Amino acid sequence: MRLGYACMNTTLGTKSRTCRLANATPERVAELARENLADARRMAQWNAEHGIGLLRLTSGMVPFGGLPVSGDWREALAEDFAATGDVFRETGMRVSTHPGQYVVLNSPKAHVVEAAIKDLEYHADFLEAMGVNGDMVIHLGGAYGEKEAALDRFVETALALPEKVRRRLVLENDDVTWNAVEVLEAARRTRLPMVFDPFHDSILASGSLTPHQALARALATWPEDRIPKIHYSDQAPGKVEGTHADLVDAEAFHAFRSLARGLRDFDVMVEAKHKELAVLPLLAALQEARAEA
DNA sequence: GGAAGTCAAGTCTCG
DNA sequence: CGAGACTTGACTTCC
């Protein structure tokens, strides 16, 4: 079991640099992307030194990378991306992306779906440029008051996506619309693997499946030669339900691990506001448990 | 230099 | 009907 965090490292003070669309030029975008890539390499090195094996990459790696205004960054930054991919390989880092809320593959609006596909291709392109098979984790989208049709649309669109996107795409249960049972159904029909998020599951229950059953089935969606992954987070006290906490409770995490005993090995992406600071205590407990075993 | 306002995009819920 | 939640606050303007 490897652990990781999303996009930025508070200890290193890394950032995701961007600019306003109005100010974007190919030169400016390339400059920002180079700095973002340098931060990604710093995080990978830091992670390796601290026993962290997962890193989610910011979708803002290339600002407006899915739009023409970003220019031909695939060519201009080929070497920078390749060098960054080398660092990921050297450090054994499993990288991923989580394309944002605007990627809605099942929208009834054609232009929304088109933009979503463009954005997924952008993510796939930069992973390709790094020479890595990073996961691209997405949600199913909206319900539009007609869930069955919305799911049908998702499946149809997902099946037709370019191969470079499909081989990286992973589906996740969310906390407002698509529960674990529904995402398992989508995973089966699209032949894509699923990331199980127990925090979302605790808010939007799967109904017919216990968390343990949902976890087991989600792990089973991954082919033998790929290590499954889950997301893990806690509720922020006093905030709107679904808001990620600064850290995660180590004891609850330990209990969750017990729940997973006997299942196949998987990695854990920790989603917490304090990023790597939430991972380190879990890692310490994990190493302790391993030493005892 | 710091505070406030703004930023590509979609969808949903809450107050 | 606006704000806030989600990938991740960061950039720009104004004082």
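Computed from a predicted model, the values in this text were never measured in an experiment.
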Side chain of V176(A): nearest nucleotide among dT13(B), dT7(C), dA10(C)?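 Ranking dT13(B), dT7(C), dA10(C) by closest atom to the V176(A) side chain puts dT13(B) first.
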Identify which nucleotide among dT7(C), dT13(B), dA10(C) has an atom closest to any side-chain atom of M8(A), counting heavy atoms from C-beta outward.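 So the side chain of M8(A) is nearest to dA10(C).
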Once you apply a heavy-atom cut-off of 4.0 Å, does [X] come out as touching a base, just sugar-phosphate, or nothing?
X	answer
S16(A)	sugar-phosphate
G60(A)	base
T18(A)	sugar-phosphate
D175(A)	nothing
F64(A)	base

Rounded [atom1] spacing from [N] to [M] in Å:
N	M	atom1	value
dA8(B)	dT13(C)	P	12 Å
dC6(C)	dA4(B)	C1'	24 Å
dT8(C)	dT12(C)	P	22 Å
dG2(C)	dC7(B)	P	16 Å
dT6(B)	dA3(C)	C1'	15 Å
dT7(C)	dA3(B)	C1'	26 Å

Taking pairing as Watson-Crick or G-U wobble with both contacts under 3.5 Å, can you name the mate of [N], or confirm there isn't one?
N	value
dT13(C)	dA3(B)
dA9(B)	none
dT7(C)	none

[N] [atom2] sits how many Å from [X] [atom1], rounded?
X	N	atom1	atom2	value
E121(A)	dA9(B)	CD	C1'	17 Å
Y122(A)	dA8(B)	OH	P	15 Å
H244(A)	dC6(C)	NE2	C1'	8 Å
N9(A)	dT7(C)	CG	C1'	17 Å
H200(A)	dA5(C)	NE2	C1'	10 Å
R56(A)	dC6(C)	CZ	P	12 Å
E241(A)	dC6(C)	CD	P	12 Å
M61(A)	dA10(C)	CE	C1'	16 Å

Below 4.0 angstrom, which residues in residues 91-116 of chain A have at least one non-hydrogen atom near DNA chain C?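 H98(A), Q101(A), in order of number.
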Closer than 3.5 angstrom, by distance alone: can the side chain of N36(A) be matched with the main-chain N or O of M61(A) as a donor-acceptor pair?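 The answer is yes, because a donor-acceptor pair under 3.5 Å joins these two groups.
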Do the side chain of E182(A) and the main chain of N179(A) share a donor and acceptor less than 3.5 angstrom apart?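 Pair found, side chain donor or acceptor close to backbone of N179(A).
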Strictly below 4.0 Å, N to O, side chains only: are [X] and [Y] in salt-bridge contact?
X	Y	answer
E31(A)	R17(A)	no
E128(A)	R167(A)	yes
D267(A)	R2(A)	yes
R153(A)	E146(A)	yes

Can you name the closest pair of heavy atoms from H244(A) and K273(A) and give their distance?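 For H244(A) and K273(A), the tightest heavy-atom pair comes out as O-CE, 3.4 Å.
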State the syn/anti category of dT8(C) according to its glycosidic angle, syn meaning within 90° of 0.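 Anti conformation here, the glycosidic angle of dT8(C) being more than 90° from 0.
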Kindly determine whether H98(A) and H139(A) satisfy ring pair (Phe, Tyr, Trp, His ring centres under 6.0 Å), including the steps that lead there. CA-CA 9 Å; H98(A) 197 349; H139(A) 296 291; 5.3 Å; yes
Can you tell me if [X] touches the phosphate of [N], counting only side-chain N or O atoms and a distance under 4.0 Å to OP1 or OP2?
X	N	value
N23(A)	dC11(C)	no
H139(A)	dT7(C)	yes
R17(A)	dC11(C)	no
K273(A)	dC6(C)	yes
K15(A)	dG9(C)	no

Would you kindly compare R28(A) and E271(A) by the position of their nearest DNA chain C nucleotide and give the one closer to the 5′ end?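 Residue closer to the 5' terminus by nearest nucleotide: E271(A).
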Answer with yes or no whether R20(A) presents, from its side chain, a donor or acceptor under 3.5 Å of a partner atom in the base of dT6(B).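 For R20(A), whose side chain was compared with the base of dT6(B), there is a donor-acceptor pair (under 3.5 Å).
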Output field: ring centroids F253(A)/Y232(A) closer than 6.0 Å: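 Ring centres of Y232(A) and F253(A) closer than 6.0 Å.
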Does the separation of the ring centres of W73(A) and F64(A) fall below 6.0 angstrom?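 Centroid distance W73(A)-F64(A): not below 6.0 Å, so no.
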